[in-house]
Engineer: 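A single structure is presented below for examination.
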Amino acid sequence: MTVSPPSPYDPDAGASDSGKASSRRRQPRIVLLGMGGTIASSAGVATQLHDYTVTDTVEAVLAAVPQAHELADIRCEQLANIDSHAIDNAMLLQLARRAEAILQDPEVDGLVITHGTDTLEETAYFLNLTLKSAKPVVLVGAMRPATALSADGPLNLHNAIRLAACAEASGMGVLVMLNDRIGAARYVTKASTTVTDAFRSFEHGNLGEIAGSVVYLFNTPTRLHTLATDFSLAAIDELPHVDILYDYQGAGSHLYRAAIDAGARGIVLAATGNGSLSPAARLGAELATQRGVMFVRSSRVGQGVVTSLADDESLGLVAAGSLNPQKARVLLMLALGRTRDFRLIQGYFDRY
Ligand code: ASP
């Protein structure tokens with residue numbers, strides 16, 4: 001589906017002629033919520049692309065893109081101004097609750113969140129599972145600081161505003177906009193440490209792209225999201241402690257004991273291959289099950305599907321499907337708020 005450059009927003013679009021409250025047309029109203037990250041960072045010289053600090057307010061980030069005001073009526077909010085690897089469960093919940101409140105405002109048409117790229121996919125997926133709105137929500141970041149030669153932030157932000165202002169982006173779940181590509185929160189992942197083309201969707205595929213100021217939407221997400229999920233922020237006081245462990249040659253079982261003794265309610269294993277268990281990981285899985293700690297087999301491979309295995313039933317394990325370890329942790333935290341039955345949790349991994 002090709003979407004032409006946004007026309008002035010018509011809030012009555014789609015209503016019958018008699019139902020049109022008025023023929024007034026206005027710009028889409030977009031809230032720009034700042035969380036920090038590289039997109040808001042600066043370094044000493046333009047060729048310094050790493051070792052920078054978060055310095056710019058979200059207003060300053062927007063000021064670098066005056067053309068964005070041709071696309072939408074933009075209101076800025078700053079919730080945090082940090083590196084995204086410093087975001088914890090409390091901040092994630094705070095962001096989600098603020099985003100929910102913004103989206104419930106009938107005067108708001110869409111939301112753009114500026115965010116560090118290091119953990120952007122975890123935030124995007126958490127919002128994808130919990131926000132109860134069909135309005136466009138777009139997360140955007142940058143791989144180079146604002147002071148960089150050929151900084152990528154300004155055009156990423158311009159594209160994100162354009163996408164959030166596009167009515168056809170409604171009902172698509174939470175979206176990720178970097179490097180001209182439109183990714184689905186459920187599928188996109190940061191797959192490179194430094195290049196501007198860092199976010200990939202691999203076999204899942206992107207939802208679309210922006211080219212020549214036009215939004216091209218090619219696909220829709222096949223997994224349940226936003227209004228269609230069982231999770232709601234109102235039912236969540238705090239998120240449970242879920243750890244991610246990594247499997248490798250010669251791994252010991254001591255880290256599983258440590259996580260369980262530290263109070264983990266769930267463990268996600270970044271396993272080798274198709275979620276295979278090393279002797280230590282199997283020992284860890286058995287111990288977790290004995291201690292009532294949910295155990296999910298994901299994979300360190302990064303792409304592909306972790307399939308269910310015969311031992312899952314006997315050991316009470318969950319197969320992560322195509323969720324990488326960091327996203328499997330997000331889903332497990334939410335699932336544990338509803339059930340401790342591994343078969344029901346497997347059902348969530350099969351649908352979301
Ligand atoms: N390097 C990261 C970024 O690209 C820093 C962060 O995630 O905050 O935004």
Side-chain angles (χ1 to χ4, degrees), residues 32-65 68 76-96 98-99 111-128 137-161 163-164 174-185 187-201 206 244 270 302 324-327 329-330:
L32 178 61
L33 184 57
M35 288 295 290
T38 298
I39 194 169
S41 297
S42 54
V45 294
T47 50
Q48 186 175 333
L49 304 186
H50 313 121
D51 287 339
Y52 39 74
T53 50
V54 180
T55 50
D56 299 358
T57 64
V58 67
E59 288 85 355
V61 172
L62 179 61
V65 194
C76 291
E77 287 193 19
Q78 190 90 47
L79 193 67
N81 219 16
I82 58 175
D83 290 317
S84 71
H85 33 267
I87 292 175
D88 60 18
N89 282 354
M91 285 182 214
L92 188 59
L93 269 175
Q94 184 190 8
L95 169 59
R98 185 62 200 138
L111 171 62
V112 173
I113 300 171
T114 55
H115 193 291
T117 59
D118 287 357
T119 67
L120 188 148
E121 65 198 82
E122 291 151 83
T123 298
Y125 188 45
F126 182 80
L127 297 176
N128 195 56
V137 176
V138 182
L139 271 75
V140 62
M143 295 300 293
R144 296 173 180 159
T147 47
L149 208 55
S150 306
D152 56 328
L155 183 55
N156 285 351
L157 179 58
H158 189 264
N159 281 341
I161 299 283
L163 181 60
V174 172
L175 304 172
V176 175
M177 185 77 231
L178 275 101
N179 202 54
D180 301 338
R181 290 194 171 95
I182 303 169
Y187 301 141
V188 73
T189 186
K190 185 172 183 179
S192 171
T193 55
T194 58
V195 300
T196 51
D197 192 16
F199 281 75
R200 300 300 180 91
S201 300
N206 289 313
I244 300 173
N324 64 27
Q326 53 271 30
K327 288 185 181 179
R329 173 181 170 273
V330 169

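Order of appearance sets the numbers: ligands from 1, and atoms from 1 within every ligand.
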Engineer: What pairs of donor and acceptor atoms, side-chain ones from residues 46-53 against any protein atom, are under 3.5 angstrom apart with sequence neighbours left out?
Structural biologist:
residue, atom, partner, partner atom, Å
Gln48, NE2, His50, O, 3.4
Gln48, NE2, Asp51, O, 2.7
Tyr52, OH, Thr38, OG1, 2.6

Engineer: Report yes if some N/O of Tyr52 lies less than 3.5 Å from some N/O of ligand 1; otherwise report no.
Structural biologist: yes

Engineer: Just jot down the ligand 1 atoms closer than 4.0 angstrom to any heavy atom of Thr38, in number order.
Structural biologist: 1 (N), 2 (C), 3 (C), 4 (O), 5 (C), 9 (O)

Engineer: List the atom pairs, donor and acceptor, that lie under 3.5 Å between side-chain atoms in residues 146-153 and the rest of the protein, sequence neighbours left out.
Structural biologist:
residue, atom, partner, partner atom, Å
Thr147, OG1, Ala43, N, 2.8
Asp152, OD1, Met143, N, 3.2
Asp152, OD1, Arg144, N, 2.9
Asp152, OD2, Met143, N, 2.8

Engineer: Can you find a pair of side-chain heavy atoms, one from Asn179 and one from Phe199, that are under 4.5 Å apart?
Structural biologist: no

Engineer: How far apart are the closest heavy atoms of Asp197 and Arg200, and which atoms are they?
Structural biologist: OD2-NH2, 2.9 Å

Engineer: Just by distance, no angles: are the side chains of Asn206 and Ser201 close enough, under 3.5 Å, to form a donor-acceptor pair?
Structural biologist: yes

Engineer: What's the shortest distance from atom 4 (O) of ligand 1 to any protein heavy atom, and which residue and atom give it?
Structural biologist: Thr117 OG1, 2.5 Å

Engineer: Give the residue and atom name of whichever protein heavy atom lies nearest to atom 8 (O) of ligand 1, and the separation in Å to one decimal.
Structural biologist: Ser84 N, 2.6 Å

Engineer: Enumerate the atoms of ligand 1 whose separation from the nearest heavy atom of Gly37 is less than 4.0 angstrom.
Structural biologist: 8 (O), 9 (O)

Engineer: Please lay out, stage by stage, how Leu32 and Val61 fare under the test side chain to side chain contact (heavy atoms under 4.5 Å, CB included).
Structural biologist: CA-CA 10 Å; Leu32 178 61; Val61 172; 5.9 Å; no

Engineer: Thr119 to ligand 1: N or O pair under 3.5 Å?
Structural biologist: no

Engineer: Select one of side chain, backbone, both or neither to describe which atoms of Ala142 lie under 4.0 Å from any atom of ligand 1, heavy atoms only.
Structural biologist: backbone

Engineer: For Asp83, take its heavy atoms, then give the atoms of ligand 1 lying under 4.0 Å from any of them.
Structural biologist: 8 (O)

